[in-house]
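What you see is a predicted model; the values in this text were computed from it and never measured. Throughout, protein chains are lettered first and strands after them, A, B, ... in sequence-line order, and every chain is numbered starting at 1. As a basis for the values below, the full set of heavy atoms in this structure was taken, side chains included, without hydrogen atoms, waters or symmetry mates.
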Amino acid sequence: MDGTNEQQKRKSGPVGSPGPDFFQRVWDVVAEIPVGKVTTYGHIAAHLGARSAARTVGWALKAAAGSGLPCHRVVNRFGALTGRRHFEGPFVMEERLRSEGVTFTDDGCVDLHRHLWVPDAAHKDET
DNA sequence: CTCCTGACATACA
DNA sequence: ATGTATGCCAGGA
């Protein structure tokens, strides 16, 4: 049988809630991103146990846009500000990161080599 | 109720 | 190496 629309069955499913809302979990991680640092959707998703759910992470950020969450510190694995269009303006995201000390490359991407932050590292080194 | 899209990423052909 | 297809979770038409 085809499994193309198998995902839709989740909606019709009775409960099967894995626990707290996936969104809430994403917001919790993003809220812990230190200033001057950035993380990627994949790292957040992987930290939540769903490395392939990177798309859903982006959705959570869109839902959190304007909720006071530093969603501007979350970029894709290339360091590109793919979500800048969901901000107050197309340049707000970059300006904010620059304001926090984040540097960019000539491609307009965040310098992940200097500002890449991983959620798992925060749990291990927690004073 | 069903199908598609979406701020991504990985696997396979 | 490039392109296509799928997976994940949630929401909108």
>> Tell me which nucleotide, if any, is Watson-Crick or G-U wobble paired with C/dA1 when both distances must be under 3.5 Å.
In response: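 Paired with C/dA1, as far as the under-3.5 Å criterion goes, is no nucleotide at all.
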Could you tell me how far [M] sits from [N] if I compare only their [atom1] atoms? Round to whole Å.
N: C/dT4; M: B/dT5; atom1: P; answer: 16 Å
N: C/dA5; M: B/dC4; atom1: C1'; answer: 16 Å
N: C/dT6; M: B/dC3; atom1: P; answer: 15 Å

Nearest-angstrom distance from the residue atom [atom1] of [X] to [atom2] of [N]:
X: A/F78; N: B/dT10; atom1: CZ; atom2: P; value: 9 Å
X: A/F22; N: C/dG7; atom1: CZ; atom2: C1'; value: 12 Å
X: A/L81; N: B/dC8; atom1: CG; atom2: P; value: 12 Å
X: A/D21; N: C/dG11; atom1: CG; atom2: C1'; value: 13 Å
X: A/L112; N: B/dA9; atom1: CG; atom2: P; value: 10 Å
X: A/I44; N: C/dC9; atom1: CD1; atom2: P; value: 16 Å
X: A/W59; N: C/dC8; atom1: CH2; atom2: P; value: 18 Å
X: A/R25; N: C/dC9; atom1: CZ; atom2: C1'; value: 11 Å

> Between A/R96 and A/E88, is the closest basic N to carboxylate O distance under 4.0 Å?
Replying inline: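 Yes.
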>> If the threshold is 4.0 Å, N to carboxylate O, is there a salt bridge linking A/R73 and A/E100?
In response: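 The answer is yes: the pair qualifies as a salt bridge.
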> In residues 49-56 of chain A, which ones come under 4.0 Å of DNA chain C, going by heavy atoms?
Replying inline: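 Correct list: A/S52, A/A53, A/R55, A/T56.
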> Would A/L112 and A/W117 show up in the same hydrophobic cluster when neighbours are defined by side-chain heavy atoms closer than 4.5 Å?
Replying inline: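 The answer is no; the residues belong to distinct hydrophobic clusters.
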>> Under 4.5 Å between side-chain heavy atoms, counting indirect links through other Ile/Leu/Val/Met/Phe/Trp/Tyr residues: same cluster for A/L69 and A/V75 or not?
In response: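 No, separate clusters.
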>> Within the 4.0 Å heavy-atom criterion, would you say A/R84 contacts the bases, only the backbone, or no part of the nucleic acid?
In response: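 Result for A/R84 = nothing.
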> Any idea how A/W59 and A/F23 line up, ring-wise: parallel (<30°), tilted (30 to 60°), or perpendicular (>60°)?
Replying inline: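 The rings of A/W59 and A/F23 sit tilted, inter-plane angle from 30° to 60°.
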Would you indicate which nucleotide in [options] comes nearest to any side-chain atom of [X]?
X: A/M93; options: B/dA7, C/dA10, B/dG6; answer: B/dA7
X: A/T40; options: B/dA7, C/dC9, B/dA9; answer: B/dA9
X: A/F23; options: C/dA10, B/dA7, B/dA9; answer: C/dA10

> So, does A/T39 use its side chain to make a donor-acceptor pair with the main chain of A/V74 at under 3.5 Å?
Replying inline: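 Pair absent, no side-chain N/O of A/T39 close to backbone of A/V74.
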> Just by distance, do the side chain of A/N76 and the backbone of A/F78 share a donor-acceptor pair under 3.5 Å?
Replying inline: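 Such a contact is found between A/N76 side chain and A/F78 backbone.
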